[in-house]
Amino acid sequence: VTLYLAGGTLDRVANLRKDADWLADRLTSPKTRVVPIRPPEGPIDPSTNGLAVITTVDVELPDDAILLGVEDDVAWFAYDVEEVPSPLPSSIRWAELRMAGGLLSVEEGSLLAHAVGMVNWHRRHRFCGCCGAETKLAEAGYMRVCGTCATEHFPRTDPAVIMLVTCQGHALLGRQKVWPRGMYSALAGFVEPGESLEAAVRREVAEEAGVVVGRVEYRASQPWPFPSSLMLGFRAEASSLDLKVDTTELEDARWFTAEELQEATSDGSVFLPPPVSIARFLVDGWLAEQ
Ligand SMILES: [Zn+2]
């Protein structure tokens, strides 16, 4: 299964990141494709509703642009528009990655997710977590090095579990108070240090809904660079329909049969996350089995 944001096709060429001559050549090559990023937004061409085509002919790349990869001998770089206030083609429209889901192809969405994730990481790691001094970009953006203690910092990804809990023909869906009214989704939470993914699934479901989960089965993953998560999707089997919702974490959680869920979504009292999300993938997969 390839989910939206998870279908990148660029060769990430880790072996070329340290090649200063190759990088210098590609930073100025007129063939090079440029992806300016204004997290969580990327550049859309309103005439095609696809990713805007921008090259080094349109904008001058900074020396510390981030190498995304290579495809058909064309190098792709991203950069943070706040770091480089050079003018961009005026035809560009900015679109938030989560909202552009209906517009972009899986490949373009995935490329933007990669770029947004990298720019987010650089923005949040300007200073060394060990000694507090400034860090500098290295290896075409895949490392930052502290100027004082020389600690090497690497781009981070924060694992989060998202799980559709099922029991006796029901699925457990919950909602947070801040979500749009009527939206229900699979439960989710961050993995903590010293915890397996399965343990994180069981802990989050117990904490948020008071439901005891037995079997946990991995289904798929989706990069979620808002700012740096990787969503790991599971199906989880509960032993009973007993519920005890923690209302500090969730506004509500309910068991739905497939019929109840279809009814509630068609009369508009409940709506599900957008089709591009892993949450929806998990719910749709369960519905298809009923
Ligand atoms: Zn340091």
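For the single chain, residues carry numbers from 1 onward in sequence order. Order of listing sets the numbers, starting from 1, for every ligand and every atom in it.
Rounding to the nearest 0.5 angstrom, the gap separating the CG atom in L173 from the CZ atom in F256 is 5.5 Å.
There is a side-chain donor-acceptor pair under 3.5 Å between E237 and T166. Side-chain contact check for D252 and Y184: at least one donor-acceptor pair (N or O, by modelled atom type) lies under 3.5 Å. Under 3.5 Å, the side chains of D158 and S229 contain no donor-acceptor pair of N or O atoms.
For the Zn ion (ligand 1), the neighbouring protein N/O/S atoms at less than 2.8 Å, given as residue and atom, are C128 SG, C131 SG, C146 SG, C149 SG.
When each of D73, D63, D21 is checked for a salt bridge (charged side-chain N to carboxylate O under 4.0 Å, His left out) with R26, only D73 meets the rule.
L104 places none of its side-chain heavy atoms less than 4.5 Å from the side chain of N49.
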